[in-house]
2 protein chains.
Amino acid sequence: MTQQPRNGRAPSVKDVAAAAGVSLGTVSNVLNRPAVVSSTTRERVERAMADLGFVRNESARQLRAGTSRALAYVMLDGGNPFFHDVAEGIETAAEDADLSLFVCNSSGRSEREAKHLDRLLQQRVQGILITPVDPDAAHLADIAQRGVPFVMVDRFSRAGGHCSVAVDDVLGGRIAVEHLIDRGHRRVAFVGGPESIGQVRERLQGARAVWAEFGMPEEDLIHLPTEALTVNEGRSAGERLAGLPSRRRPTAAFCANDLLALGLLQHAVTAGLRVPDDLAIVGFDDIDFAAAAAVPLTSVRQPRQELGRTAARLVLDEATNPAHVHEQATFVPALVARASTGTVRR
Amino acid sequence: MTQQPRNGRAPSVKDVAAAAGVSLGTVSNVLNRPAVVSSTTRERVERAMADLGFVRNESARQLRAGTSRALAYVMLDGGNPFFHDVAEGIETAAEDADLSLFVCNSSGRSEREAKHLDRLLQQRVQGILITPVDPDAAHLADIAQRGVPFVMVDRFSRAGGHCSVAVDDVLGGRIAVEHLIDRGHRRVAFVGGPESIGQVRERLQGARAVWAEFGMPEEDLIHLPTEALTVNEGRSAGERLAGLPSRRRPTAAFCANDLLALGLLQHAVTAGLRVPDDLAIVGFDDIDFAAAAAVPLTSVRQPRQELGRTAARLVLDEATNPAHVHEQATFVPALVARASTGTVRR
DNA sequence: CATGACGCTTGAAACATTTCAATCCCACCC
DNA sequence: GGGTGGGATTGAAATGTTTCAAGCGTCATG
């Protein structure tokens, strides 16, 4: 690339046209419909582009086209690898469609989420994927009403009016607790909160349902509430658990996500408990760090990448297919049994 | 917001102007210089904007302005929380400057990196922050030559010609190994590779330097090479370590990053080794999961968020200050001692 | 009553691209 | 030699915003 000395602004199609001695319409044809241009002209234009170091101006394209060539994913918690894997699935699909992906992070803060959405609206992104702080927030309804393609990831809203993608959390709760019952546990803790989070509610609901079905006394499924789904909260739940009188103390814990489970595991090991013999632990999400823990964690796997890919597929369908109908894609979670629930309790 | 029925395209300043009975120049003034507009007109225009659900078209602004209101960070490995924290630091700074941030992930693949850079160039981002696959790659020099503000994060290139931000990795290596010597270890493994990665080379170099300074025999600092800086590779290094004849077997390991350390820790625990009594472990980066491990990991902390903030500051300076001079910001790493090196060995 | 000043508003130009109808030119046929 | 068809190229229009010089009207001052 024989680059011209830069004299301020970047070269435009007009400059390329002048350098190649053709009209700017022809340059545009080379870019967008190379077949209609004669090969000699095409080569001349291509050489000029290389010489000048021409790069298409995306904003001008966008302005003309009326929409950008980008999708966006607003994730709930950048510190949780789960969302990262979802984002990776989305990115794969975006790349296949030759679209860019904006990855934003609301960090669980509603006002940051709103700010991101506002920016994305200004960018005229083709579609928005979001794991929202609150699925029923007004600014979400606003987006949908504007007609911007919009998919909710890993959450549902009562309202509807858009696609969503998630796993069956009630089933996930059932699977986890059934596994523990199966392993011989008769007193189990559910660690997780706040209940304002749909996931927490549903996983607990599934846990209670299967507990009842097996005819276990209600009071032997103990709910240890947390203020967030973090490692720290998992640790503190561990302390509360250790503080229970021994005949009330559970022999196993089902945590609403893997971060909690890792925190709980850490507390248990520090306190000298053997996992799984003194305390068995099941997490949720099956993030890579669950398998990497000192005692590999049993976890309820969500198909993280596929969640992302499907969400991207749906938003693209909404963006391009006039006959699009909203869809609620539900995936089936699966138990991945590892050492943290490894032994059968007599 | 009393929204009009949508009839196709989004409302523009022109529509707002018509609705408010003013010229489009006035609408623009309300948006950009509200002080020069009389309050009655301003209110009328604001009402019209709200009624119509007007949203500024960012691509038109960009086209006019010649540059976008965005920065970009191309990270090396989205699966490593370290880069996530760096990104968070960048985002903070971007938000303060009222800029958007594109977060891209090259996943360690050079061609993906090149593709991302190409797209970002088309977007006319104000500046690019990158942790590159190869600091000396041609496409990086190309960016710098184009005059796009550009900062290298956590890497250096021989070439120079741009800002960079990193910690002193040689010093980091020294600190880690000195700590182990201090704890009484006389046979230590360095786990990490490939040596094509600058970080690995320098951390090893620091380790060797301090080892020699303490007068320890060279052959007692054993290099266990890995193919990547991942949990899996850490585990497999653990196997090789366990396979060493016992009088050659190290009592401590310094891992080139925390992912390796977590993998090694897992292997050790699974194999029934006590950490730190049978094997002490030091990691590098101090990601959150290091503190959250079953045996909390001693690690060499990098100021991750500050790395990001500083990088963003530099790129913004380059973008806005004509007197900008390139700067190589170096941070000092610090040891965070935790249980994984908790005891003194006699 | 004329002049100037001041506050507010206006309208045109510019940004880089894409599209499309119009034009050009050439070869070929009658 | 005139006409026709068609491939290649052209130039103008349109996209939505910002800026800025110019215009307008009102008010105060001389």
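The analysis underlying the following values was restricted to heavy atoms, covering all of them including side chains, and did not include hydrogens, waters or symmetry mates. Just so we're on the same page: letters track the sequence lines, and every chain starts at 1.
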### Summary
Of the candidates C:dC8, D:dT17, D:dA8, the side chain of B:T41 sits closest to C:dC8
### Query
Can B:R146 and B:D142 be counted as an ion pair, charged N to O under 4.0 angstrom?
yes
#### Entry: Inter-axis angle, terminal five-pair segments of the helix from C:dC1-D:dG30 to C:dC30-D:dG1 [nearest 10°]
70°
### Query
Is B:R119 salt-bridged to A:D98, going by a charged N under 4.0 Å from an acidic O?
yes
### Query
With sugar-phosphate meaning primed atoms plus P, OP1 and OP2, does A:S12 contact a base, only sugar-phosphate, or nothing at under 4.0 Å between heavy atoms?
sugar-phosphate
### Query
Is it true that A:R112 and B:E91 have a side-chain N and a carboxylate O under 4.0 angstrom from each other?
yes
### Query
Counting side-chain heavy atoms from CB outward, which of C:dC8, D:dG16, D:dT19 is closest to B:S38?
C:dC8
#### Entry: A:H162 and A:S157: side chain donor to acceptor below 3.5 Å
yes
### Task
Please round to the nearest 0.5 Å and tell me the distance separating atom CZ of B:R313 and atom CD of B:E306.
9.0 Å
### Task
Measure from the side-chain heavy atoms of B:L24 and tell me the nearest of C:dT9, C:dG11, C:dT18.
C:dG11
### Message
Counting the atoms with a prime plus P, OP1 and OP2 as sugar-phosphate, which does A:G66 contact under 4.0 Å by heavy atoms, base, sugar-phosphate, or nothing?
### Response
nothing
### Message
When you compare the side chains of A:S164 and A:Q328, does any donor N or O come within less than 3.5 Å of an acceptor on the partner?
### Response
yes
### Task
Find the distance A:R42:CZ to D:dG7:P and express it as a whole number of Å.
15 Å
